[in-house]
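Only one structure is covered here, and it is reproduced in the block below.
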Amino acid sequence: MNNNITLSTCFIAVDDHDKALEFYRDILGLEVRQDVGFEGMRWVTVGSPSQPDVNIVLEPPAANPNASPADKQAMAELLAKGMLRGVLFATDDVDATFEHIRAAGGEVLQEPIDQPYGVRDCAFRDPAGNLLRFNQPKR
């Protein structure tokens, strides 16, 4: 197979777009690429200025119009518990990134440590409860 496959878009579940933007835009420094209202919904994408081809959609767990009310409720409950899958971000200085997010009020889950699998990383929860890890290769 000779296809050049690259990541273009991924999704992070959020329960409040404004709180999510305060975190992802104002604290992490991601740029807002789209913030559009459509049929009672809101489509918000952010991304790193250094990765212009990769978009992150901040999407409520109830955004799927085909989901049943029970499924929407179950997703909202899992999000509130922080039980949805996490996101890993790469940084060139995990200690500085940690201090910046902590100083801005980020919910710390793990201070920077050297992991046995070759990275130094730290972990936070975003305002919706998602696990976010920030790592760099060990020096």
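Quick caveat: nothing in here was measured; it's all calculated off a predicted structure.
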Can I get a per-line list of side-chain donor-acceptor pairs under 3.5 Å for residues 21-31, giving both atom names and the distance, sequence neighbours left out?
{"unit_1": "Y24", "atom_1": "OH", "unit_2": "D126", "atom_2": "OD2", "d": "2.6"}
{"unit_1": "E31", "atom_1": "OE2", "unit_2": "R33", "atom_2": "NE", "d": "3.0"}
{"unit_1": "E31", "atom_1": "OE2", "unit_2": "R33", "atom_2": "NH2", "d": "3.2"}

Is it true that I101 and V87 fall in one hydrophobic cluster, defined by side-chain heavy atoms closer than 4.5 Å?
-> yes
Not counting sequence neighbours, which residues clear ring pair (Phe, Tyr, Trp, His ring centres under 6.0 Å) with F11? List them please.
-> none
Spell out, yes or no, whether L79 and V14 are grouped together once hydrophobic residues are joined by side-chain heavy atoms under 4.5 Å, including indirect joins.
-> no
Euclidean distance, S8 OG relative to D53 CG, rounded to 0.5 Å = 9.0 Å
Is there a donor-acceptor pair under 3.5 Å between the side chain of Q136 and the backbone N or O of V94?
-> yes
When you look at NZ of K19, are more than 12 heavy atoms from neighbouring residues, nucleotides or ligands closer to it than 6.0 Å?
-> no
Who pairs with E99 by salt bridge (Lys or Arg N to Asp or Glu O under 4.0 Å), at least two apart in sequence or on another chain?
-> R102
Which of F134, F89, F124 passes ring pair (Phe, Tyr, Trp, His ring centres under 6.0 Å) with F98? It is F124
Sorted by chain and residue number, the salt bridge (Lys or Arg N to Asp or Glu O under 4.0 Å) partners of D35 (sequence neighbours excluded) come out as R42
With a 4.5 Å limit on heavy-atom distance, are the side chains of H17 and P60 in contact?
-> yes
Rounding to 0.5 Å, atoms CG (L132) and CG (L88) come to a distance of 9.0 Å
Value rounded to 0.5 Å, distance of NE2 in H100 from OG1 in T91 = 10.5 Å
Between CD1 of I12 and CG of L58, what distance do you get to the nearest 0.5 Å?
-> 6.0 Å
For D16, the side chain to side chain donor-acceptor pair (under 3.5 Å) test, sequence neighbours excluded, returns none
Around atom CZ of F38, are there more than 12 heavy atoms of other residues, nucleotides or ligands at under 6.0 Å?
-> no
Spacing of C10 atom SG and E59 atom CD [to the nearest 0.5 Å] = 11.5 Å
Is the closest side-chain heavy-atom distance between L109 and R125 below 4.5 Å?
-> yes
Applied to residues 115-124, the salt bridge (Lys or Arg N to Asp or Glu O under 4.0 Å) test, sequence neighbours excluded, yields D95-R120, D114-R120, D121-R133
Mark yes or no for whether T45, through its side chain, and V57, through its backbone, hold a donor-acceptor pair below 3.5 Å.
-> no
Minimum heavy-atom distance between A123 and L131, given as atom pair plus value = CB-CD1, 3.9 Å
Inter-residue atom distance C122.SG - E111.CD, 0.5 Å rounding = 9.5 Å
